[in-house]
Amino acid sequence: MALRFYNSLGRKVQEFTPIEAGKVGLYTCGPTVYNFAHVGNFRAYMFEDILRRTLELCGYQVNHVMNLTDVDDKTIRDSQAAQLPLDTFTRQYKDAFFEDVDALRIRRAHVYPAATEHIGEMIKLIRKLFDAGVAYQAEDGSVYFSIAKWPAYGQLMKIDRDQMRAGVRISHDEYAKESVADFALWKAWSEGDGDVAWNSPWGKGRPGWHIECSAMSARYLGPQFDIHCGGIDNMFPHHEDEIAQSEAANGCRFVNYWLHNAHLVVNGEKMSKSLGNFYTPRDLFAKGYSGREIRWVLFGTHYRQTLDFSLAALDAARASLQRLDAFRQRLAEAASAPEAGTAIAAERAAKATADFQAGLEDDLNISAALAALFDLVRDGNRLLDEGTVAGPAAAAFVQALETCDQVLDVLTPAPGEGVPAEIQALADARQAARKAKDFAQADAIRDQLAAAGWTVEDTPKGPRVKRL
RNA sequence: GGCGCGGUAGCCAAGUGGUAAGGCAGAGGUCUGCAAAACCUUUAUUCACCGGUUCGAAUCCGGUCCGCGCCUCCA
């Protein structure tokens, strides 16, 4: 089956064809580093991670670029409030971002260009826009993109600008624009910016928000590339403006496939601090949830569907992962047994792998992919119960699991999730008691283990210790 | 007002014309010293509602109700 995606440009599912065979240029809108990213932000990055890993599973060599917005109204405002230089202020949130990315097992992009390190590219791009006749400097000193001069504007949203609500778009500091729909390319310095400023042919100032993505994507992926992702809220105006800037400046198609993820809500309500349902990954770690549990919840709903996040969903994720862990452990144990049932195991494993990949190739249908995975678990467990998967036969299942895990990356418990020696010692003592038919003692030790957060399962191969 | 998304079992969630995947939770059974895990069986005559098209619709068309997002910084 061919790889297909829902392209926001055109609004339909299309077969994916890269510009260069076997390679994919992928640009994903990254965080504004003025605070810790929350699970809603990570929903987007998780979708992009699944996308990238799916592309890689399909054999593509992906060049993934994610920007870091480290200068804008919010970073300036909050750095001043914190009485820190802008770069010092944003540094701590960049660091935190990468910690969270790693904890959630999101594969790092190949390049993380920061806006403040690419001001030169942005200035060059704005020059080109002047050359193209679509940019102008207003009386307030800021430079704007003139939508009136660019008829192709509105490819993503099919916006009828006359229908937009009058009034709401005029913000206090942008009344100098020729048209309310025009957007800033370069913002003239104002007192509120403090020492945050760069020199430009249009005077001291800082870049507009949209220009960074146009400039940095061109720098690392070229003027035309394959896929651009972001949250659905970014379709307008951010991505619309990027298209206008890039295509007006470079004279070629900007992006072939636009993929947008839907939002995340918590218990059906928009996540907000006032509702007390605002979560960052580190909030959840503090509650005892692991990165892979959060990961499971974040990728478990199709990316174009609103995701309802909740602690209950995390608990369900824990149960699902325990089932997968147990299966993996059983396979590992079976691998050391004499060979049995190779043919059927290989057949089941091959089917699961194929179904898993086919699900993802169909516009990242994660539900179909997970169904294939759970079919594999059920089939595998049944065969293990029957004793017909052992030795090399178990390897086929392990390999299928590992293939799925190339995309999911949840099947390996974190380091530190292993069994401590003292817990193992208790389990051994309990087993000795059982052997001696001293069940009262055995049960007492089991209670002791439970109190320590561990459970023990008796199997034909001996006790198996697991975290509760 | 414009653009867009959704309403499928207790919960989460696939399925866009051929007779309801999968997960979590629940019930019964097998297994077990007892458990747990695993497996088996079971849990929607039905897909918000009303009409229509069709041999056949959760899926297509028309209408109604409800929830949500964007249009302003936003994943």
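Just so it is clear: chains get the letters A, B, ... in the order the sequence lines come, proteins before strands, and each one is counted from 1. Note that the structure is a prediction, hence the values are computed from the model and not measured.
Nearest nucleotide to the A:Arg43 side chain, out of B:C71, B:G22, B:A75: B:A75. Of the candidate nucleotides B:C40, B:A21, B:A38, B:A38 has the atom nearest to the side chain of A:Arg330.
Here A:Asn381 reaches the OP1 or OP2 of B:C39: one of its side-chain N or O atoms lies under 4.0 Å away. Distances shown here put every side-chain N or O of A:Arg304 at or beyond 4.0 Å from the OP1 or OP2 atom of B:A14. Phosphate contact (OP1/OP2 of B:C70, side-chain N/O of A:Lys270, threshold under 4.0 Å): present.
Formation of a donor-acceptor pair under 3.5 Å by the A:Asp458 side chain with backbone atoms of A:Pro463 is not found in this model. Looking at A:Ser217, its side chain does come within 3.5 Å of a backbone N or O of A:Ser214 through a donor-acceptor pair.
Look at A:Asp362 and A:Arg4 and you find a salt bridge, because one of the NZ, NE, NH1 or NH2 atoms lies within 4.0 Å of a carboxylate O, short of that distance. No salt bridge links A:Arg328 with A:Asp325; every basic N to acidic carboxylate O contact stays at or beyond 4.0 Å.
Applying the side-chain contact (heavy atoms from CB on, under 4.5 Å) rule to A:Thr32 yields the partners A:Tyr34, A:Thr69, A:Asp72, A:Lys74, A:Thr75; only residues at least two apart in sequence or on another chain are considered. Shown here are the side-chain contact (heavy atoms from CB on, under 4.5 Å) partners of A:Phe98, two or more places apart in sequence or in another chain: A:Leu68, A:Arg108, A:Tyr112. Shown here are the ring-ring contact (aromatic ring centres under 6.0 Å, His included) partners of A:Tyr257, two or more places apart in sequence or in another chain: A:Phe16.
Residue contacts for A:His302: at a heavy-atom cut-off of 4.0 Å it reaches the sugar-phosphate backbone alone, with no base atom in range. Within the nucleic acid shown, A:Gln305 comes within 4.0 Å of sugar-phosphate atoms alone, with no base atom in reach, counting heavy atoms only.
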Can you check ring pair (Phe, Tyr, Trp, His ring centres under 6.0 Å) on A:Phe299 and A:Tyr303, steps first, answer last? CA-CA 8 Å; A:Phe299 71 47; A:Tyr303 75 96; over 10 Å; no
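Heavy-atom distances under 4.0 Å link RNA chain B to A:Ala316 of residues 309-318 of chain A, given in residue order.
Using P as the reference atom, B:A9 and B:C47 are 10 Å apart when rounded to the nearest Å.
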Bracket string, RNA chain B, 5' to 3' - pairs by Watson-Crick or G-U geometry under 3.5 Å, | interstrand: ((((((((.[[[..)..(...]]].(((((.......))))).....[[[[[..)....]]]]])))))))....
At under 4.0 Å between heavy atoms, how does the protein contact nucleotides 26-36 of chain B? Give one character per nucleotide, 5' to 3', with B, S or -. -------BBBB
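Under 3.5 Å, the side chains of A:His110 and A:His64 contain no donor-acceptor pair of N or O atoms.
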